[in-house]
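This report concerns only the one structure given below.
Every chain is numbered from 1 and lettered A, B, ... according to where its sequence line falls, protein lines coming before strand lines.
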Amino acid sequence: DQQVKQNSPSLSVQEGRISILNCDYTNSMFDYFLWYKKYPAEGPTFLISISSIKDKNEDGRFTVFLNKSAKHLSLHIVPSQPGDSAVYFCAASDPRLNTDKLIFGTGTRLQVFP
Amino acid sequence: NAGVMQNPRHLVRRRGQEARLRCSPMKGHSHVYWYRQLPEEGLKFMVYLQKENIIDESGMPKERFSAEFPKEGPSILRIQQVVRGDSAAYFCASSPPVRGLYGYTFGSGTRLTVV
């Protein structure tokens with residue numbers, strides 16, 4: 001049962017343009033969403049998060065949008081840079097579980113080309 | 001301030017052997033999580049531990065896998081009698097008691113190869 005889905009396994013964007021990475025979820029009880037970035041042979045690093053009481057959170061070039069009615073969130077990177085090339089995972093937290101585990105999507109590989 | 005330290009980075013085991021993966025959380029972090037990433041898949045939760053306690057092991061396979069986080073020393077993920085399907089990247093993460101808005105801090109992972 002994949003509660004967090006990233007349906008695009010890969011995305012290719014030209015440097016300077018906007019990258020939009022999408023994530024869908026099925027569990028309406030998720031209260032907290034995060035994006036992680038992962039380079040090869042490294043662990044994931046936290047990028048940005050959003051609480052379910054908000055619909056937008058911005059940090060520099062990165063903005064996360066949350067559409068609760070559609071159970072959809074997206075990560076916008078603008079302008080995209082070659083160093084942004086990595087795998088991006090979205091993750092969600094369910095407060096009912098009384099545990100702090102995060103449920104991850106399968107990831108989207110972003111390639112930013114010159 | 002060192003991050004989450006995992007060792008070894010790479011581990012090769014023959015089928016039937018035991019694998020021991022170690023994780024030292026960040027200083028001040030008392031919560032440890034283990035995740036597994038199979039080839040071409042996302043990160044799958046395995047277990048959540050606090051010092052001397054297993055809080056949530058709902059993602060652990062029923063057999064051959066165990067985890068501990070003793071009062072002193074690193075957290076250990078132990079896989080007995082490894083099989084080829086155990087080949088994966090195993091990531092440890094840690095967080096303070098109140099995780100807040102910043103998620104976990106992950107280590108660089110241990111890549112287990114079973115031959």
OG1 of A:T63 to CD of A:E58: how many Å apart, nearest 0.5 Å? 4.0 Å

Short N-O contact, B:D86 and B:R64, less than 4.0 angstrom: yes

Aromatic contact, A:F104 with B:F45 (centres under 6.0 Å): no

Strictly below 4.0 Å, N to O, side chains only: are A:E15 and A:R17 in salt-bridge contact? no

Are the aromatic ring centres of A:F46 and B:Y104 under 6.0 angstrom apart? no

Between A:S85 and A:V112 (side chain of the first, backbone of the second, donor and acceptor by atom type, cut-off under 3.5 Å), is there such a pair? yes

Working note: B:S58 + A:K101, criterion side-chain hydrogen bond (donor to acceptor under 3.5 Å, both in side chains); need CA distance, chi angles, decisive distance, verdict. CA-CA 10 Å; B:S58 58; A:K101 74 179 182 185; 3.2 Å; yes

Identify the residues of residues 6-14 of chain B whose heavy atoms come closer than 4.5 Å to a heavy atom of chain A, ordered by number, or report 'none'. B:R9

Can you tell me which portion of B:T105 sits under 4.5 Å from chain A's heavy atoms? Options are side chain, backbone, both or neither. neither

Given A:A41, A:A91, A:G105, the one with more heavy-atom pairs under 4.5 angstrom with chain B than any other is A:A41

